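Here is the structure we will look at, set down as structure tokens.
Because the structure is a prediction, the values reported are computed rather than measured. Letters A, B, ... are given to chains in the order of the sequence lines, protein chains preceding strands, and every chain is numbered from 1.
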2 protein chains.
Amino acid sequence: MAARCRERGLPVTPQRRAVLRALSARRDHPTAEQVHAAASARLPGMTRATVYRVLDALEAMGVVRRVDHAGAAARYEVDSGPHHHLVCVGCGRIADLHEPALESLSLPASRARGFVVKEYSIQFRGLCSGCRKQQRSRK
Amino acid sequence: MAARCRERGLPVTPQRRAVLRALSARRDHPTAEQVHAAASARLPGMTRATVYRVLDALEAMGVVRRVDHAGAAARYEVDSGPHHHLVCVGCGRIADLHEPALESLSLPASRARGFVVKEYSIQFRGLCSGCRKQQRSRK
DNA sequence: TTGTATGCAAAAGGTTTGCAATGAT
DNA sequence: ATCATTGCAAACCTTTTGCATACAA
């Protein structure tokens, strides 16, 4: 991580180290609040705001990832049977993808470790044609 | 939907109809706020709170689905390359699933409609062994 | 020394809840 | 008549932001 900071000319602060250590130490997927609790145990006085800013910075560096791509607000759809989603990272739009070939993926039991799958859905992330055009013309 | 309400002895209210109509009329995946705007155009006076309650009710009936399984708070993980997630619907825990066989899915170009996929991840929903035990013993 | 990060506190969404009144069956 | 639902308003939780200060390089 220090490397990635240097690449970008960004300072390596104790807070960044603390957040990354806290996150590396766990296998579950903690919330910002949980990261704050863990990190501020080692570095008392850290603010929640700092944790959010550090997580954003680390995400931008590609060190950390936000799971549950929870935009600010939840999205709804009429339940139309199993299908997947195309999510445009440019504009945030979500389109449905009905693709029978993707409805029968098998999850090796050996990997499931006692986990019983009831359903699954795939989230494809990329750029819609509109956002691609925009990006091209901007260059 | 009227049918599902009756099954459960729940009233079919104008608000429920308005929300479902609003949601059925769109293919994008509107936020609760957008649903509220659309529904209250037809049924002035509807509150945002009602929209949330109606969406919850419809989801419980299996008529509507919440995309962006945005729990209240975002979750983070250290970026460890491509992998998928096992999400327990019982306790909300998320586990990583590294499964090489699932890393080379192909999305038929014909279906993508100009959408260029950069990456994807699969979310398997089900019950972890702990929650399964609990559920069994409760019966 | 310079530019970025931090703490603090306040604001800004999004969502939930208590309560009295309304309404569906 | 009965029980769930609605509206209203306030509360709640998570995340973001402005500003002055502190700090890494």
Side-chain angles (χ1 to χ4, degrees), chain A residues 1-23 29-40 42-61 63-76 92, chain B residues 1-20 22-23 29-61 63-76 92:
Chain A
M1 179 273 253
R4 308 232 188 167
C5 281
R6 273 178 235 122
E7 279 174 27
R8 309 179 183 226
L10 298 180
V12 180
T13 66
Q15 288 84 350
R16 286 187 177 152
R17 269 196 287 264
V19 165
L20 185 54
R21 280 190 70 162
L23 198 53
H29 297 66
T31 63
E33 173 61 39
Q34 291 173 310
V35 172
H36 173 247
S40 61
R42 289 221 161 237
L43 197 67
M46 274 196 73
T47 315
R48 251 174 295 274
T50 296
V51 171
Y52 281 107
R53 284 186 284 224
V54 168
L55 286 171
D56 282 353
L58 294 178
E59 195 180 14
M61 296 188 231
V63 176
V64 149
R65 192 186 290 168
R66 191 189 298 230
V67 184
D68 253 6
H69 315 267
R75 308 288 203 110
Y76 296 85
Chain B
M1 179 269 255
R4 308 234 187 165
C5 281
R6 274 177 233 122
E7 280 174 27
R8 308 177 184 226
L10 298 180
V12 179
T13 66
Q15 288 84 349
R16 285 187 179 153
R17 269 196 287 264
V19 165
L20 184 55
L23 198 53
H29 297 65
T31 63
E33 172 62 36
Q34 292 172 309
V35 171
H36 173 248
S40 60
R42 288 219 162 241
L43 198 68
M46 274 196 71
T47 314
R48 253 174 293 274
T50 297
V51 171
Y52 281 107
R53 284 186 286 224
V54 168
L55 286 170
D56 282 354
L58 293 177
E59 194 179 13
M61 295 187 231
V63 175
V64 149
R65 192 187 288 168
R66 192 189 298 231
V67 185
D68 251 5
H69 316 267
R75 309 287 204 109
Y76 295 84

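- When distances are taken from the side chain of B:Val12 to each of C:dT25, C:dG7, D:dC8, the shortest belongs to C:dT25.
- Rounded to an integer number of Å, the gap from A:Leu55 CG to D:dT17 P is 15 Å.
- For the pair A:Tyr52 OH and C:dA12 P, the interatomic distance rounds to 18 Å; values are reported in whole Å.
- A sub-4.0 Å separation between OP1 or OP2 of D:dT15 and a side-chain N or O of A:Arg48 is absent.
- Separating the CZ atom of B:Arg6 from the P atom of C:dT25 is a distance of 8 Å, rounded to the nearest angstrom.
- In this structure, the side chains of A:Asp56 and A:Arg66 come closer than 4.5 Å at one or more pairs of heavy atoms.
- As a whole-Å value, the separation of A:Met46 CE from D:dA22 C1' is 15 Å.
- In this structure, the nucleotide among C:dA5, C:dT15, D:dA4 sitting nearest to the side chain of B:Arg16 is D:dA4.
- Between C:dT4, D:dT16, D:dT6, one nucleotide has an atom nearer to the side chain of B:Val54 than all others, and that is D:dT6.
- Between A:Gln15 and C:dG7, a side-chain N or O to OP1/OP2 separation shorter than 4.0 Å is present.
- Dashed line: the shortest gap from a side-chain N or O of A:Thr47 to OP1 or OP2 of C:dT6 is not under 4.0 Å.
- Residue contacts for A:Gly45: at a heavy-atom cut-off of 4.0 Å it reaches the sugar-phosphate backbone alone, with no base atom in range.
- The separation between B:Leu43 atom CG and C:dA24 atom C1' is 15 Å, rounded to whole Å.
- For A:Ala38 against A:Ala22, the heavy-atom pair with the smallest separation is CB-CB, 3.8 Å.
- Going from atom OH of A:Tyr76 over to atom C1' of C:dT15 covers 8 Å, rounded to whole Å.
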Exercise. Please lay out, stage by stage, how A:His36 and A:Val54 fare under the test side-chain contact (heavy atoms from CB on, under 4.5 Å).
Key: CA-CA 10 Å; A:His36 173 247; A:Val54 168; over 6 Å; no

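- Rounded to whole angstrom, the span from the CZ atom of B:Arg17 across to the P atom of C:dA24 amounts to 8 Å.
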Practice problem: Please test A:Leu23 against A:Arg65 for side-chain contact (heavy atoms from CB on, under 4.5 Å), starting from the C-alpha separation and ending with a verdict. | Solution: CA-CA 11 Å; A:Leu23 198 53; A:Arg65 192 186 290 168; over 6 Å; no

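- The distance from atom CZ of B:Arg8 to atom P of D:dT5 is 12 Å, rounded to the nearest whole Å.
- Across C:dA5, D:dT16, D:dG7, the shortest atom-to-atom separation from the side chain of A:Asp56 is found for D:dT16.
- Of the candidates C:dG7, D:dT15, C:dT25, C:dG7 carries the atom nearest the A:Arg53 side chain, counting heavy atoms from C-beta on.
- Heavy-atom distances to DNA chain D give each of B:Thr13 and B:Arg75 a nearest nucleotide, and the one nearer the 5′ end belongs to B:Thr13.
- Among the nucleotides C:dT25, D:dT16, C:dT15, the one closest to the side chain of A:Ala49 is D:dT16.
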Quiz item: When you look at A:Met46 and A:Val19, which way does the side-chain contact (heavy atoms from CB on, under 4.5 Å) test go after all the steps?
Solution: CA-CA 10 Å; A:Met46 274 196 73; A:Val19 165; 3.9 Å; yes

